[in-house]
Every structure is written in structure tokens, then in C-alpha cells.
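Below you'll find the structure, written out as C-alpha cells, and then a few comments.
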Amino acid sequence: MKYTITEIIEPDFGCEGLPEGGERMDTVLLLAEDGTKHTAAVSDELLYRLGLDVGSECTPEQLRAEVY
């Protein structure tokens, strides 16, 4: 199934910053072809590497995430 990214929510770590050794994970809001809405936690680095942004179409396999 294909999804369209409707929003990407990036975490705010405040003045402490990203914990040492931690991977920055974004919350990605998705709209499926059938009109249902879903959420996935996706590596920020992966989104940049694949050039995915709001409005992009993708599959769960591309996101390497379980879509809820």
C-alpha cells in the first residue's frame, strides 16, 4: 500500500540535545490510498537520504517502519 506523508514531527530535545548514541526519530503522519490515517516512527536520517518530505509518496518498506 502507498502512503502520502502529510506531516513530519521532529523531536525537540531542548538544551540537553540528542542523548549520546541516540538516533533522531521523527513521527511521520501518513494518509493511505484508502483514506485512512496512520503514524510511523522513522529515522530522520533515512527521510533525508530518501528525499522524503511532506507530500511525498512512500511505502512501509521504504520507511523501514511499522505503520500504525
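Minimum interatomic distance between E10 and D44 (heavy atoms only, all atoms of both residues): OE2-OD1, 3.6 Å. Across all non-hydrogen atoms, the minimal contact from T59 to K2 is CG2-CG, 4.3 Å. Listed here is the closest heavy atom pair of G51 and S56: O-OG, 4.0 Å. Shown here for D34 and M1, the closest heavy-atom pair between the two residues is OD2-CE, 4.0 Å. Between V54 and E7, the shortest heavy-atom distance links the atoms CG2-CA, 4.0 Å.
Checked against side chain to side chain donor-acceptor pair (under 3.5 Å), S43 has the following partners two or more places apart in sequence or in another chain: E23.
The distance from atom OG1 of T4 to atom CD of E33, rounded to the nearest 0.5 Å, is 8.0 Å. Expressed to the nearest 0.5 Å, how far CZ of R24 lies from CG of L46 amounts to 14.0 Å. The distance from the CD atom of E57 to the OH atom of Y3 is 12.5 Å, given to the nearest 0.5 Å. Note: T27 OG1 to I8 CD1 = 10.5 Å, rounded to the nearest 0.5 Å. Taken from SG in C58 to CG in L50, the straight-line distance is 9.0 Å, to the nearest 0.5 Å. One distance of note links CG of D26 with CG of L52; it measures 11.0 Å at 0.5 Å rounding.
Between L63 and L47 there is a side-chain heavy-atom pair separated by less than 4.5 Å.
Looking only at distances, a side-chain donor or acceptor of T6 sits under 3.5 Å from a matching main-chain atom of L29.
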